[in-house]
Participant: 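Before we start, here is the structure in question, set down as structure tokens.
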Amino acid sequence: MTTDDAGCGCGCGTPGRSAFLSIGTGAPQEVPPAAGGRHSIEQALVPAGTFTMGDSSGDQNPADGETPRHEVTLGAFEIDATSVTNADFARFVDDTGYRTEAETFGFSAVFHLAVAAPEDDVLGQPPGTPWWFGVRGADWRHPGGSRSDLDGLGDHPVTHVSWNDAVAYCSWAGRRLPTEAEWEYAARGGIDGAKYPWGDAEVDEGGWRANIWQGTFPRENTLEDGWLTTAPVRSFAPNGYGLWQPVGNVWEWCQDWFDPRAYQRGPVTAPAGPGRGTARVLRGGSYLCHISYCNRYRNSARSQNTPDSSMGNAGFRTVARGAVTA
Ligand SMILES: [Ca+2]
Ligand SMILES: [Ca+2]
Ligand SMILES: [Cu+2]
């Protein structure tokens with residue numbers, strides 16, 4: 001397993017942008033700061049408090065730095081109850097004309113069973129993760145490639161957005177990405193030390209509780225939870241704070257730089273992560289997480305990718321800027 005620039009090394013960890021053949025070059029775009037965009041996602045209020053951050057179930061992936069467990073104190077904050085949808089992202093693009101990095105580079109990473117593109121558009125598979133294809137023409141509007149569209153997917157999470165794209169959306173909306181600590185605290189939903197947002201019950205106990213993978217990864221998905229790729233953001237049940245699908249469905253970008261040693265030295269009040277790095281934190285796992293293979297659809301699980309990388313199984317949710325009283 002590698003934790004370099006090739007994602008988390010697990011089944012659903014996507015290779016970074018540089019692992020694919022680059023067929024163009026992107027340039028960062030200016031988005032008017034706090035442009036007053038119509039961010040209309042329902043808010044979940046997370047109360048001020050102290051929680052235990054890190055793995056308490058013994059399921060940690062050692063290279064990811066899910067330990068040491070440590071107490072973290074946060075003020076109250078408001079976070080999106082769902083991840084940002086295709087319809088939400090479309091409003092941002094309509095307002096600003098923003099082009100995502102998948103569009104400027106000309107390709108994005110698509111899971112092999114989700115490709116909807118002519119063979120010529122498939123740019124290749126990085127060694128080690130042959131189920132990921134670089135697909136020319138894949139972007140947020142074309143999640144499987146040029147032969148796909150967003151018909152019926154307005155309430156699904158936006159995908160193929162890089163960390164830089166997510167930050168551009170936040171700038172338009174007058175919002176920001178959650179810190180990794182905020183994300184984990186909100187995902188826990190008020191249950192201290194549990195493996196999942198709903199508690200410690202396994203994900204398949206009494207019906208599926210999250211959109212992950214069932215069957216034999218990466219070839220056969222038995223679709224027991226109903227979804228091969230993304231599900232509508234309000235699928236399954238929200239956690240105790242009202243967050244839908246913090247684990248499963250799509251990975252969610254966080255503000256922090258990734259460092260597997262981050263927990264050994266960060267401050268314990270409102271930690272914002274390392275001061276520098278090469279990859280940004282991703283949290284929560286995705287529809288590609290498999291119960292016996294990757295196991296990153298847990299509250300404390302961590303992944304990462306470079307800020308210009310995009311893929312069909314990662315999106316984001318946002319938090320309000322500034323303090324909230326609760
Ligand atoms: Ca599924
Ligand atoms: Ca998620
Ligand atoms: Cu996974």
Side-chain angles (χ1 to χ4, degrees), residues 1-3 6-15 41 44 59-61 63-64 66 79-85 109 111 113-114 128-129 131-132 155-159 161 166 177-178 180 182-184 186-189 195-198 203-204 207-239 241-254 281-305 311-319:
M1 175 184 301
T2 172
T3 56
C8 72
C10 67
C12 62
T14 320
I41 296 177
D59 287 62
Q60 63 174 305
N61 292 297
D64 296 348
E66 292 182 50
I79 186 167
D80 293 341
T82 70
S83 49
V84 172
T85 66
F111 182 66
L113 297 181
T129 53
W131 45 85
W132 280 111
D155 63 349
H156 285 231
V158 67
T159 58
V161 286
L177 290 176
E180 184 175 11
E182 287 169 341
W183 190 96
E184 182 172 323
R188 290 181 178 282
K195 198 195 292 196
Y196 304 116
W198 54 83
V203 65
D204 58 346
W208 290 92
R209 297 167 192 265
N211 179 15
I212 56 170
W213 179 283
Q214 296 92 37
T216 310
F217 187 87
R219 286 180 311 281
E220 192 215 1
N221 190 321
T222 57
L223 302 179
E224 285 165 45
D225 65 27
W227 305 95
L228 173 62
T229 62
T230 58
V233 293
R234 285 171 189 270
S235 304
F236 306 96
N239 75 1
Y241 292 150
L243 276 78
W244 297 79
Q245 301 192 82
V247 307
N249 213 21
V250 291
W251 286 99
E252 300 173 23
W253 288 111
C254 291
V281 170
L282 285 158
R283 284 301 204 111
S286 82
Y287 57 76
L288 293 183
C289 280
H290 185 244
I291 197 157
S292 69
Y293 187 71
C294 151
N295 197 20
R296 283 184 175 83
Y297 48 93
R298 292 173 291 107
N299 290 328
S300 66
R302 313 174 72 208
S303 187
Q304 39 87 23
N305 213 327
M311 58 226 86
N313 69 336
F316 65 105
R317 74 178 77 211
T318 76
V319 297

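Note that ligands are numbered from 1 as they come in the structure, with each ligand's atoms numbered from 1 the same way. Because the structure is predicted, anything quoted here is derived from the model rather than measured.
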Participant: With the Ca ion (ligand 2) at the centre, find the angle made by O from V250 and O from P246, to 10°.
Facilitator: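 Between O of V250 and O of P246, at the Ca ion (ligand 2), the angle is about 130°.
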
Participant: Supply the atom-to-atom distance W244 CH2 to R317 CZ, rounded to the nearest 0.5 angstrom.
Facilitator: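 Separation between the atoms: 11.5 Å.
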
Participant: Output the distance between atom CG (L177) and atom CH2 (W183), rounded to the nearest 0.5 Å.
Facilitator: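 So the gap between those two atoms works out to 13.5 Å.
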
Participant: Identify the residue among Y287, Y297, W227 that makes a side-chain contact (heavy atoms from CB on, under 4.5 Å) with I212.
Facilitator: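 Of the listed options, the one satisfying the test is Y297.
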
Participant: Taking backbone and side chain together, does G284 place any N/O/S atom at a distance below 3.0 Å from the Ca ion (ligand 2)?
Facilitator: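 Checking the Ca ion (ligand 2) against G284, no N, O or S atom falls under 3.0 Å.
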
Participant: Is the closest basic N to carboxylate O distance between D59 and K195 below 4.0 Å?
Facilitator: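 Yes, charged N to carboxylate O under 4.0 Å.
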
Participant: Of the backbone and side-chain N, O or S atoms of W208, does one lie nearer to the Ca ion (ligand 1) than 3.0 Å?
Facilitator: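 So W208 does not bind the Ca ion (ligand 1) by this criterion.
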
Participant: Once rounded to the nearest 0.5 Å, what's the spacing between atom CD1 of I41 and atom OG1 of T82?
Facilitator: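 Separation between the atoms: 4.5 Å.
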
Participant: Can you tell me if, anywhere in G315, an N/O/S atom lies at a distance from the Ca ion (ligand 2) that is smaller than 3.0 Å?
Facilitator: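 Here the distance criterion (N, O or S atom, under 3.0 Å) is not met by G315, so no.
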
Participant: Using the benzene-type ring in the case of Trp, are the ring centres of F217 and W131 under 6.0 Å apart?
Facilitator: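 Under 6.0 Å, so yes.
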
Participant: Answer yes or no for D225: is there an N/O/S atom below the 3.0 Å cut-off from the Ca ion (ligand 1)?
Facilitator: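 Here the distance criterion (N, O or S atom, under 3.0 Å) is met by D225, so yes.
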
Participant: Starting from the Ca ion (ligand 2), look over the N/O/S atoms of E252 and name the nearest one.
Facilitator: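 Output for this pair reads OE2.
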
Participant: Does the shortest distance from the Ca ion (ligand 1) to an N/O/S atom of I212 fall below 3.0 Å?
Facilitator: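 So I212 counts as coordinating the Ca ion (ligand 1), yes.
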
Participant: So, is Q245 placed with an N/O/S atom under 3.0 Å from the Ca ion (ligand 2), counting both backbone and side chain?
Facilitator: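 Looking at Q245, which is the residue asked about, there is an N, O or S atom under 3.0 Å from the Ca ion (ligand 2).
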
Participant: Taking backbone and side chain together, does C289 place any N/O/S atom at a distance below 2.8 Å from the Cu ion (ligand 3)?
Facilitator: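 Given the 2.8 Å cut-off, C289 counts as a ligand of the Cu ion (ligand 3).
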
Participant: Any N/O/S of G285 under 3.0 Å from the Ca ion (ligand 2)?
Facilitator: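 G285 does not place any N, O or S atom closer than 3.0 Å to the Ca ion (ligand 2).
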
Participant: Decide, yes or no, whether a salt bridge links E184 with R283 under the criterion of side-chain N to carboxylate O below 4.0 Å.
Facilitator: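 Salt bridge: yes.
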
Participant: Give a yes or no on whether N211 keeps an N, O or S atom under 3.0 Å from the Ca ion (ligand 1).
Facilitator: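 Coordinating: yes.
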
Participant: Please determine whether a side-chain nitrogen of the Lys or Arg among R296 and D64 lies less than 4.0 Å from a carboxylate oxygen of the Asp or Glu.
Facilitator: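 So R296 pairs with D64 through a salt bridge.
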
